[in-house]
Amino acid sequence: MTSPALAPARIALVGNPNSGKTALFNALTGARQKVANYAGVTVERKEGHLTTPAGRTLSILDLPGTYSLRARSPDEAVTRDAVLGRLAGEHEPDVLIAVADATNMRLMLRLVLELKQVGRPFVLALNMYDIAQRQGLRIDIEGLSRELGAPVVTTVATRKRGIEDLVAAADALVLDHENHANTWQEPTAAQIRAAHGEAQRIMRTYVKPAERPDTLTGKFDSVLLHPVAGLVILLTLLFVMFQAVFSWATPVADLIGEGFGQIGRLIALVVPEGLLRSFINDGIIAGVGGVLVFLPQILILFFFIILLEDTGYMARAAFLMDKVMGKAGLHGRAFLPLLSSFACAIPGIMATRVIDQKRDRLTTIMVAPLMTCSARIPVYTLIIGALIPQRNVWGWINLQGLVMFGLYAVGILSTLIVSAVIQRVFWRTGSEPFMMELPAYKLPDAGLVARQLWQRAMIFINRAGRIILPLMVIVWLLSTFPYPPEGATGPAIDYSFAGIIGHAIQPFLAPIGFNWEMSVALIPGMAAREVAVGTLGTIYAVGDAEGAGAHILQGILATQWSLATGLSFLAWYIFAPQCVATLGVVKRETGSWLWPTVMFSYMIALAYLASFVTFQSAKALGWG
Ligand SMILES: Nc1nc2c(ncn2[C@@H]2O[C@H](COP(=O)(O)OP(=O)(O)OP(=O)(O)O)[C@@H](O)[C@H]2O)c(=O)[nH]1
Ligand SMILES: [Mg+2]
């Protein structure tokens, strides 16, 4: 057995939402956890390590934000249990770092008083001290420290200022604290009221109001939160975002596509015609390259999302959408989980832990995959690029961008409709009013934005390497073997496993206009949606005697697919449960196979229906 003395001392970061705990955690441990300017970003405990100048290891715990140890939602319960040492197999932390937003301390002081009751030694970190200074806020740090009986340190987490002092203070507490029994009991309402009064007294005594308070936030909000002007601005922002995805990304994407084309030609020069060349060009380059081409689109979209998050605008968007979402039976706190689902439904589903009502949470989980995740972008972009002409409508609106905006809009609309149905038909409950503190606007930190973008790029490239590449190898094998029999007349791929499978499924998908190549692409697309793009690349490349590079696929689709077929494929991808990992997370978060089963069934039914209607109406319009 290891002696407890050898285990690193454990330090937990506790504080109100959006006070900069995760930014501090990253500064302390060098981790890269997500930070953003709204409440409820962190929903899980995260552990990291740091070595003090004296060479001792400290383990640091980042926790979800909370206003009180009286927890209501699952994420707040995580914080309470971590602080009290109630998590299975875990001691209570040796030292707490109470993280306060120095410009907004009132509610934090109340939590600090609660933490004091727990009896753990703690340091108070007055974070965002840069903003406090800019506002001319004066805090009597020594007096506060005396009053609370704990060291008080000022920090600027995003600039790594005050970190050494914080570590020194926490480290000193580790050394001289002794264990004593934890006798914490949930405070009564009366006790909380008393603590509230006490916090106000401390506030009045030690904090002089700001000389230059932030008036900009109020001014911006009078416009941005306006019920009409605010919504118009929100819609315009989203619209511009998708225009940009197409008009800015296309030249870069073309360049990357051209690059892969060059590599393919180079390989054709050095590698003799045969299996190896086919494997490299039709399998890897057409498959993985065909997906990587879409990196610029994804980065531009995330550039906007990160900017909106870091400025604090996203919290306003949540506020504006609250009415609409309430009508659809969604809880106000569902906005941010659904927003995260633009990246990927998995973090979105995990972020639903901020919702305290079980039914509201379940509703949000069930609709999260309808939001357009970034894995759909390659599929959407490929089909739009192939079948929608690159031209402007009404003079200045990029038609391809408009279609993309439309696909996102349909995703959002169906999220609202499905949740309304779930809430009305199954739960018959009303929705709760929205309560979320609106953070002050901040200028985004360029370094932070760049780092988050870089992280996004790495996630995408890693996926290409770890999930898409191996799948593409399998797809290539299936579409190359077995060879056609002697004297066969049709294209070789018709005799391969992929051809056989595709031809077998296709009859079921004929009513929605899918050809056999598309039918094959759906299967590996279950593991990761983007693989459908790579698979189409490989199938058409292997089937095509000329051999096609990643870049040429759009040209092939433009001649081989009708507009009706393409639109039907897009409709399928809006709804289809094309992602096994998401179903796995739903199982984990709900603790039963029932919900993933329900999700899979309703989504596949919707997908088939949507594609059927799309295909048949497009045909009727003469686009078949
Ligand atoms: N100017 C300034 N901004 C900061 C500082 N610390 C954090 N921020 C910003 O404040 C916002 C919130 O930071 P987070 O670290 O996500 O806050 P959190 O306490 O982990 O929030 P939750 O996980 O939602 O509880 C982000 O936009 C950070 O970039 C600071 O010291 N100065
Ligand atoms: Mg956090």
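Computed over heavy atoms, backbone and side chain alike; hydrogens, waters and symmetry mates excluded. In this text the structure is predicted, and so the values were computed from the model without any measurement. One-based numbering, in listed order, for ligands and for the atoms of each.
Close approach to Asp130 involves these atoms of ligand 1, each under 4.0 Å from a residue heavy atom: 1 (N), 2 (C), 30 (C), 31 (O), 32 (N). Within ligand 1, counting atoms from 1 as listed, the ones closer than 4.0 Å to a heavy atom of Asn127 are 5 (C), 6 (N), 7 (C), 31 (O). In summary, the atoms of ligand 1 found under 4.0 Å from a heavy atom of Tyr38, numbered by their order in the structure, are 24 (O). Each of the atoms 1 (N) of ligand 1 lies under 4.0 Å from some heavy atom of Ile131. Contact atoms of ligand 1 toward Gly40: 24 (O) (distance under 4.0 Å to a heavy atom of the residue). Less than 4.0 angstrom separates some heavy atom of Ala39 from each of these atoms of ligand 1: 24 (O). Remark: ligand 1 atoms within the under-4.0 Å shell around heavy atoms of Val41 are 22 (P), 23 (O), 24 (O). Listed by number with element, the atoms of ligand 1 under 4.0 angstrom from any heavy atom of Met128 are 5 (C), 7 (C), 8 (N), 10 (O), 30 (C), 31 (O), 32 (N).
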Using the salt bridge (Lys or Arg N to Asp or Glu O under 4.0 Å) rule, take Asp310 and Lys442 through it: C-alpha gap first, then chi angles, then the decisive distance, then the call.
CA-CA 7 Å; Asp310 277 356; Lys442 285 208 199 85; over 6 Å; no
Start with the C-alpha gap between Ser419 and Thr363, add the side-chain angles, then the distance that decides, and say whether side-chain hydrogen bond (donor to acceptor under 3.5 Å, both in side chains) holds.
CA-CA 6 Å; Ser419 62; Thr363 309; over 6 Å; no
List the steps and the verdict of side-chain contact (heavy atoms from CB on, under 4.5 Å) for Val153 and Ile141.
CA-CA 8 Å; Val153 178; Ile141 292 171; over 6 Å; no
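In this structure, atom 23 (O) of ligand 1 lies nearest to the protein heavy atom Thr42 OG1, 2.7 Å. Of the protein's non-hydrogen atoms, the one nearest atom 20 (O) of ligand 1 is Thr22 OG1, 2.7 Å. Nearest protein heavy-atom contact of atom 31 (O) of ligand 1 is Ala157 N, 2.9 Å. Protein heavy atom closest to atom 19 (O) of ligand 1, with residue, atom name and distance, is Lys21 NZ, 2.6 Å. The shortest contact between atom 15 (O) of ligand 1 and any protein heavy atom is with Ala23 N, 2.7 Å. For atom 12 (C) of ligand 1, the closest non-hydrogen atom of the protein is Asn18 OD1, 3.0 Å.
By the criterion of a heavy-atom distance under 4.0 Å, the side chain of Lys442, and not its backbone, is placed next to ligand 1. Contacts of Leu448 with ligand 1, taken as heavy-atom pairs under 4.0 Å, involve the side chain alone.
Note: no N/O pair closer than 3.5 Å links Pro17 and ligand 1 by distance alone. Some N or O of Gly20 is nearer than 3.5 Å to an N or O of ligand 1, by distance alone. Of the N or O atoms in Tyr129, none lie within a sub-3.5 Å distance of an N or O in ligand 1. In terms of polar-atom proximity, Leu63 is not counted as a contact of ligand 1, lacking any N or O under 3.5 Å from an N or O of the ligand. Residue-to-ligand polar distances place Ala36 within reach of ligand 1: an N/O pair is separated by less than 3.5 Å.
Taken to the nearest 0.5 Å, the OG1 atom of Thr22 stands 14.5 Å off from the CZ atom of Arg32. Separation of atoms CD1 (Ile11) and CG (Leu58) is listed at 4.5 Å; rounding is to 0.5 Å. Atom CG of residue Asp445 and atom CZ of residue Arg159 lie 4.5 Å apart, to the nearest 0.5 angstrom.
Remark: Thr215 engages no residue in a side chain to side chain donor-acceptor pair (under 3.5 Å) (not counting sequence neighbours). For Ser341, there are no side chain to side chain donor-acceptor pair (under 3.5 Å) partners, not counting sequence neighbours.
In this model, a donor atom of one side chain and an acceptor atom of the other lie less than 3.5 Å apart for Asn18 and Asn37. Using modelled atom types, one finds a donor on one side chain and an acceptor on the other under 3.5 Å when comparing Arg316 with Tyr441. Between the side chains of Glu47 and Ser59, a donor-acceptor pair is found at a separation under 3.5 Å. Checked by atom type, the side-chain pair Thr352/Glu589 shows no donor-acceptor distance below 3.5 Å. Glu76 and Thr79 share no donor-acceptor pair across their side chains, judged by distance under 3.5 Å alone.
Protein nitrogen, oxygen and sulfur atoms, that is N, O or S, within less than 2.8 Å of the Mg ion (ligand 2) amount to 2.
Counting heavy atoms only, Thr158 comes closest to atom 30 (C) of ligand 1 of the residues Leu443, Asn37, Thr158.
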Which pairs of donor and acceptor atoms, one on a side chain in residues 126-134, lie under 3.5 Å apart (sequence neighbours left out)?
residue	atom	partner	partner atom	Å
Asn127	OD1	Thr155	OG1	3.0
Asn127	OD1	Ala157	N	3.1
Asn127	ND2	Ser19	O	2.9

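The aromatic ring centroids of Phe342 and Tyr408 lie less than 6.0 Å from each other.
We find that Glu44 and Arg353 are joined by a salt bridge, their nearest charged nitrogen and carboxylate oxygen being less than 4.0 Å apart. A salt bridge does not link Asp62 with Arg45: every distance from a Lys NZ or Arg NE/NH1/NH2 to an Asp or Glu carboxylate oxygen is 4.0 Å or more.
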